[in-house]
Amino acid sequence: SGVVKLNAFFSFLVMVIATASYAESLPLYIQARQKQKMKMLVVLVEPTEQVRHIALEVSNDLSCNAMRKLGFNVTRREVSQMPDKATYHTWYKEGYSLATVLLLTPQHIELFLIDTQQGIVKASQKIERASSLAGTAHKVADAVWPILTGQEGIFSTMIVYCKERH
């Protein structure tokens, strides 16, 4: 009976140690997953050099937000016409959950935020062009950021600067 109690005690001890080891490793795994950047497309419809410049700045803004340590892995792509649901589905298969489609008009940038998994436009907005291309890009990023994160965009402020280290 003493041996049975001892075996039961050791079994219990092994179970506690194993559970504690698993519990300690779990938050590390979750933290690593949280630090991964979500893949996102910035899509340019009938791009001009101005739109390419704006898209580059928007991509940089969305890729790196040093103040909140959050960003997206952004890829830019050019298309000749507004994408359709079949295109959204293709992007989703490529691993892009989100796409931001930019269309330049004389006074505005038309912005469409696409949920590629559901194949729907989640948000659309006309953004008035700023006096500079960089200013316009920051306004676009400021419009997209709260939709994606629920936090106010700060890209148009003077305090935002991010340099990626290699």
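- Under the 4.5 Å side-chain heavy-atom criterion for grouping Ile, Leu, Val, Met, Phe, Trp and Tyr, Trp91 is not connected to Val58 through any hydrophobic cluster.
- To the nearest 0.5 Å, the span separating CG on Asn60 from NE2 on His138 amounts to 9.0 Å.
- Residues forming a side chain to side chain contact (heavy atoms under 4.5 Å, CB included) with His53 (at least two apart in sequence, or on another chain): Glu57, Leu133.
- For the atom pair NZ of Lys93 and OG1 of Thr116, the computed distance is 12.0 Å after rounding to the nearest 0.5 Å.
- Applying the 4.5 Å side-chain rule to ILVMFWY residues, one finds that Ile120 remains a lone member of its cluster.
- Around NE2 of His108, the count of heavy atoms belonging to other residues, nucleotides or ligands within 6.0 Å exceeds 12.
- When hydrophobic residues (I, L, V, M, F, W, Y) are linked wherever their side-chain heavy atoms come within less than 4.5 Å, Tyr92 remains an isolated member.
- Here Ile54 contributes atom CD1 and Thr136 contributes atom OG1; the two are 5.0 Å apart, rounded to the nearest 0.5 Å.
- Every residue meeting the side chain to side chain contact (heavy atoms under 4.5 Å, CB included) condition with Glu110, not counting sequence neighbours, appears here in chain and number order: Leu103, Thr105, Phe112, Lys126.
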Would you mind writing out the side-chain donor-acceptor pairs for residues 76-85 within the sub-3.5 Å range, not counting sequence neighbours?
from  : atom 1 : to    : atom 2 : distance (Å)
Arg77 : NH1    : Glu94 : OE1    : 2.9
Arg77 : NH2    : Glu94 : OE1    : 3.0
Glu78 : OE1    : Arg52 : NH2    : 3.1
Glu78 : OE2    : Arg52 : NE     : 2.6
Asp84 : OD1    : Ala86 : N      : 3.4
Asp84 : OD1    : Thr87 : N      : 3.0
Asp84 : OD1    : Thr87 : OG1    : 2.8

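- Listed by chain and residue number, Arg129 satisfy the side chain to side chain donor-acceptor pair (under 3.5 Å) test with Gln50 (two or more places apart in sequence, or in another chain).
- Distance check, rounded to the nearest 0.5 Å: CG of Leu113 to OG of Ser124 gives 9.5 Å.
- Under the side chain to side chain contact (heavy atoms under 4.5 Å, CB included) rule, Thr100 has a single partner from Val144, Ile147, Leu41, Leu44, which is Val144.
- Partners of Ser59 under the side chain to side chain donor-acceptor pair (under 3.5 Å) rule, at least two apart in sequence or in another chain, do not exist in this structure.
- Residues satisfying the side chain to side chain donor-acceptor pair (under 3.5 Å) criterion with Gln125, sequence neighbours excluded, are absent altogether.
- Among all heavy-atom pairs drawn from Ile127 and Ala143, the shortest one is CD1-CB, 3.6 Å.
- Summarising the geometry, atom CD1 belonging to Ile154 is positioned 8.5 Å from atom CG belonging to Asp142; distances are rounded to the nearest 0.5 Å.
- No continuous path of hydrophobic side-chain contacts links Val101 to Leu62 [ILVMFWY only; heavy atoms under 4.5 Å].
- By the side chain to side chain donor-acceptor pair (under 3.5 Å) test, Tyr96 is found to be paired with Thr75, residues two or more places apart in sequence or in another chain being considered.
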